[in-house]
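This is a predicted model, so every value here is computed, not measured.
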Amino acid sequence: MADTKLVRGTMLLTSATMISRFLGLIYIFPFTILVGQQGNALYQYGYLPYQLLLSLATMGVPMAISKFVSKYNALDDYHTGQRLFRSGLVFMTATGFIAFLVLFLMAPVIAGWVLPSNGDPSGNSHSDVVFTIRMVSIALLIIPGMAVLRGYFQGFQSMGPTAVSQVIEQVARILFILATAFIVLEVFGGSLGLAVGLATFGAFIGGLSSLFVLLYFWRQRKAGIQQQISESKTDHQLSLTSMYKELIVYALPLSFVGLAIPLFQVIDMFTFNDAMAAYGANAGEAETAFGVFSRTTHALIMIPVAIATAMAVNLIPAITEANTNRDVEKMHGLITKTFQIILFFTIPAAFGLAILATPAFASLYGLQDIGIGSMVLSYYAPAAILFSIFAVTAAMLQGMNRQKYAVAGLCIGLFIKLGLNYGLIASFGALGGVSATIIGYTAAIGFNVWAVGKFADYRFTQIGRQAAMIMGFTAVMAIAVYIVREGGAVIFDTSGQAGFVTILIFGVLIGMFVYLILAIRTGLAEKVIGNRFAFMRKR
């Protein structure tokens, strides 16, 4: 019964996470139509510092508290988990308040770091950036404390409250963002700065909605939890220092590695505009390029990465179990299967997206800024492969209790990104930022792969044959998609969005058909994802 409850809860939480991520990606399309790329840039100026401070304020708290509470509940000590819960609520609320003050008061300074020093009026204003940062900072007052409540529920293997609250939070946030932007811009004819600044307040609205859901579940389950506490047979009487030390050792590396993409984006935020000015762009052009690079094209390439992220979450406990039991054969099998699945899905998706960059960007964001949008997307799309591999290699190292190596790999990538970013952007424009990200991630992955090979005694030649087949099939698929794209441009009217939508649909369908037929007929699909397609193989 306990195993069934755990599996059901894990599936529920994974599904809710995927739904939340999906909603968080697709709302960017209508939002971009409303506010444009400069509006996206302004949104990022507020949201990226907020996301960074939120992660630092929570430090992986839900998962860490979940593990801690679950551990002591299993020892029939419900008192220790409750004491952590009570003190954690106070501590995390205080941490959130401090993070709010830092972000709110530092808003003028951050705005000065972000905007070009020449004060070019073609871009967003300093006051708009300050307003946006301050509006989003208010969410820090409630969300860190809310993370404690989620973790406490999960420690009782009750995933429903977290799952429901995650989805409600995202839905409320998105509805507020889109409604606010539409009302300010289209109904009242307000300024872009006001629309985007108010839209970022959606983080607080979403958090508040989620908190109401969690409080409802708490009211429903409080009596049962109190009964379990009263029936506890053990009390380890741990000091708060001991409890928090145990939490931090587990949570800090996990939280830091989870910040990989936001940290890379923060480097872009603080260097991009000045570097683009050195490249010769005015503020409006620089912010349009930043909006395209950091938000619109990034949203597209994160779609295949979502598969890797979901897998990484589920991979840690499986590898932890194999590592604890010293089951080397099982661990090697998990590593091989994971890489096979990641490469099987992300390589064709990334290269297909690169070839279909122009119809994809035009279909989802319209024809405005299509030149720079399609160019950046075509070069940036392969980064999806790197994001995915980094996520799973970091998860593998965490599962093997080698978190510090995952952190070291990320630091290597960040230092390289920081060192190269300004110079490459100043020399090559937005594509320089893409290049710096790809080089930084490649270095981080190289270190992670070395560490996985060393500590798992794993030889990556085991996946060499499958990787070569995937690359070969992707090349054939790419040729087919290229023919569809070029032929579609001749057949369909590309002076409007409809023609690009048609080309995109045909390109995706033909690409999937060619790739899957090759993978199924050669047995690669059966080897990677099971025998679902075995009946389609040649006999």
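The closest side-chain heavy-atom distance from I301 to L377 is below 4.5 Å. Side-chain contact between L52 and L259 is present, with heavy atoms from C-beta onward closer than 4.5 Å. Counting heavy atoms from C-beta on, the side chains of L300 and F29 come closer than 4.5 Å. Side chains of F473 and F344 form no contact here, defined as non-hydrogen atoms less than 4.5 Å apart. Side-chain contact between T200 and Y50 is absent, with no heavy atoms from C-beta onward closer than 4.5 Å. T338 is listed as a side-chain neighbour of M396, based on a closest heavy-atom distance under 4.5 Å. Considering only heavy atoms from C-beta on, I389 comes within 4.5 Å of F339 through its side chain.
A side-chain donor-acceptor contact under 3.5 Å links S378 to the backbone of M375. Under a 3.5 Å cut-off, the side chain of Q38 and the backbone N or O of T288 do not form any donor-acceptor pair. Between the side chain of R173 and the backbone N or O of G202, no donor-acceptor pair lies under 3.5 Å. When atom types are taken as modelled, the side chain of H126 and the backbone of A111 share no donor-acceptor pair closer than 3.5 angstrom. Of the possible polar contacts, none joining the R295 side chain to the Q44 backbone as a donor-acceptor pair under 3.5 Å is found.
The minimum heavy-atom distance linking S210 with M146 is given by the pair OG-SD, 3.5 Å.
Side chain to side chain, N273 and Y45 meet the donor-acceptor criterion of an N or O pair below 3.5 Å. Between the side chains of Y279 and E285, no donor-acceptor pair of N or O atoms lies under 3.5 Å.
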